[in-house]
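Heads up: the structure comes next, in structure tokens.
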Amino acid sequence: MNIILLGPPGSGKGTQGALLAERSRASRVSTGDLLRTAVRDATPLGKEAKSYMDRGLLVPDGVVLGLIEDVLNSPRAKSGIIMDGFPRTTAQAEEVDRLLDARKMQIDNVLNFEVPDDELVRRMQGRAAKEGRTDDTPAAFQQRLAVYREQTAPLIAYYRMRGTLVTVPAVGAVEEIAKRVRKAVGA
Ligand code: ADP
């Protein structure tokens, strides 16, 4: 089972991805988490990524594509990947297709998490107080929303055309949303 979680920042992809991973053999992989680890460890990749992340911009595809390749090459990919935070651009989506095709793997479901903007902003404020992420400032968050609309939202049409897209209303209790997710993927 390979699943893509698509949705704006704060739409709950991380929370729902983790719950779904507990219920299935698939592992959740978040490029945001991998990048934050690289930043913390001050690796060359992390050093390059940091300034983009802090400003709410996407890390350039050239930097992220290698990371995505590593994820899909890793042994755990064989039992399925829940992709949280990637692909995020058309170039990344094409790369995921290419890597999966070459391994005779496929995307089973793309879940499109829908949450109104005002609710996203509220959630970001709550998370900022708890986690202190450097990109959870009001300005960086607005930038992340704009980047989502411009660069990532076009993937909704990309996957809808293939019939793999399911829209999940992602407002309400976490467990209610988790039920919708399980129903959408048949888990
Ligand atoms: P959120 O979904 O709340 O924005 P993420 O943890 O997924 O949080 O991403 C945080 C930041 O990490 C993004 O704003 C971006 O700078 C970077 N990032 C994560 N995944 C990708 C990706 N696939 N391509 C480019 N940049 C990414």
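Numbering of ligands and ligand atoms starts at 1, following listing order.
Around ligand 1, the residues contributing at least one heavy atom under 4.0 Å from the ligand are P9, G10, K13, T31, G32, L35, R36, M53, L57, L58, V59, V64, G85, F86, R88, Q92, R127, R133, D135, R144.
Residues passing the side chain to side chain donor-acceptor pair (under 3.5 Å) test with R88, sequence neighbours excluded: none. Remark: Q125 engages no residue in a side chain to side chain donor-acceptor pair (under 3.5 Å) (not counting sequence neighbours). Under the side chain to side chain donor-acceptor pair (under 3.5 Å) criterion, R127 pairs with D136, not counting sequence neighbours.
To the nearest 0.5 Å, atoms CG (D97) and CE (M105) are separated by 12.0 Å. The distance from the CD1 atom of I107 to the CG atom of N2 is 7.5 Å, given to the nearest 0.5 Å.
In this structure, the side chains of V174 and L19 come closer than 4.5 Å at one or more pairs of heavy atoms.
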